[in-house]
Amino acid sequence: QVQLVESGGGLVQAGDSLRLSCAASGRTFSRYYLGWFRQAPGKEREFVATIHWSGSMESYADSVKGRFTISRDNAKNTVYLQMNSLKPEDTAVYYCGADLTSRTVAAQEYWGQGTQVTVSS
């Protein structure tokens, strides 16, 4: 059973920081891109950031470049999203996803259950 379990969300003020975690289990993810996606109320789910499990390439949405950092700890089978300088527009449910070749929402093979991030102004 493949599982991606997110944690670390919460309620913060604008300018604060949060670190999200995605614990992966149930299979080997060495060939996979692990990524973060988010969905705000009334909006479609969108790409935030991805990192390859065995590589070094990182990708970010323009809206979070310079503020968010994706990283991984292979020994812990965990991917992180460090979010700094949070803005109210970052408010969303954040999901962890995994796919072999694509960072698009539609292509993700596995999804976590999501963790809520709320940023107040």
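All heavy atoms count here, side chains included; hydrogens, waters and symmetry mates do not.
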Problem set entry | Check against side-chain contact (heavy atoms from CB on, under 4.5 Å), Val79 and Phe29 | CA-CA 11 Å; Val79 177; Phe29 288 93; over 6 Å; no

Exercise. Does the side-chain contact (heavy atoms from CB on, under 4.5 Å) test come out yes or no for Leu18 and Val117, once each step is laid out?
Worked result: CA-CA 9 Å; Leu18 280 175; Val117 173; 3.9 Å; yes

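- Residues satisfying the salt bridge (charged side-chain N to carboxylate O under 4.0 Å, His left out) criterion with Asp99, sequence neighbours excluded, are absent altogether.
- Note that OG of Ser63 is 7.0 Å distant from CG of Asp90, once rounded to the nearest 0.5 Å.
- With sequence neighbours left out, Ser85 forms a side-chain hydrogen bond (donor to acceptor under 3.5 Å, both in side chains) with no residue at all.
- Contacts classified as side chain to side chain donor-acceptor pair (under 3.5 Å) and involving residues 9-27 (residues at least two apart or in different chains) are given here: Ser17-Asn84, Arg27-Tyr32, Arg27-Tyr110.
- Taken to the nearest 0.5 Å, the CG atom of Asn77 stands 12.0 Å off from the CZ atom of Arg72.
- Applying the disulfide (SG to SG under 2.5 Å) rule to pairs touching residues 29-70 yields nothing, sequence neighbours excluded.
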Atom pairs and distances, donor-acceptor, side-chain atoms in residues 3-11, under 3.5 Å, two or more places apart:
residue	atom	partner	partner atom	Å
Glu6	OE1	Gln113	N	2.9
Glu6	OE1	Gln113	NE2	3.2
Glu6	OE1	Gly114	N	2.9
Glu6	OE2	Cys96	N	2.6
Glu6	OE2	Gly114	N	3.3

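- Partners of Lys65 under the salt bridge (charged side-chain N to carboxylate O under 4.0 Å, His left out) rule, at least two apart in sequence or in another chain, are Asp62.
- Considering only residues two or more places apart in sequence or on other chains, Ser59 meets the side-chain hydrogen bond (donor to acceptor under 3.5 Å, both in side chains) condition with Arg103.
- In this view, Ala23 and Thr78 satisfy the side chain to side chain contact (heavy atoms under 4.5 Å, CB included) rule, not counting sequence neighbours.
- Under a hydrophobic clustering in which Ile, Leu, Val, Met, Phe, Trp and Tyr are joined whenever their side-chain heavy atoms come within less than 4.5 Å, directly or via other members, Leu100 and Leu34 fall into the same cluster.
- Distance CD1/Ile51 to OH/Tyr33: 11.0 Å, rounded to 0.5 Å.
- Residue Gln82 holds its CD atom at 9.0 Å from CG of Leu20, rounded to the nearest 0.5 Å.
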Exercise. Where do Gln116 and Tyr94 land on the side-chain contact (heavy atoms from CB on, under 4.5 Å) test, with the steps shown first?
Worked result: CA-CA 6 Å; Gln116 176 71 48; Tyr94 283 70; over 6 Å; no

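- Within the hydrophobic cluster formed by Ile, Leu, Val, Met, Phe, Trp and Tyr side chains joined at under 4.5 Å, directly or through other members, Tyr95 is accompanied by Phe37, Phe47, Val93, Val105, Trp111.
- Between Val12 and Thr118, the closest side-chain pair of non-hydrogen atoms is not below 4.5 Å.
- In terms of the salt bridge (charged side-chain N to carboxylate O under 4.0 Å, His left out) criterion, residue partners of Glu46 (sequence neighbours excluded) are, by chain and number, Arg38.
- The minimum heavy-atom distance linking Ser54 with Ser30 is given by the pair OG-O, 2.7 Å.
- Counting all heavy atoms, side chain and backbone alike, Ser121 lies closest to Pro88 at CB-CG, 3.8 Å.
- Closest heavy-atom contact between Val64 and Val48: CG2-O, 3.7 Å.
- Between Lys87 and Val119, the shortest heavy-atom contact is O-CB, 3.3 Å.
- Applying the ring-ring contact (aromatic ring centres under 6.0 Å, His included) test to every pair with at least one member in residues 60-87, sequence neighbours left out, gives no pairs at all.
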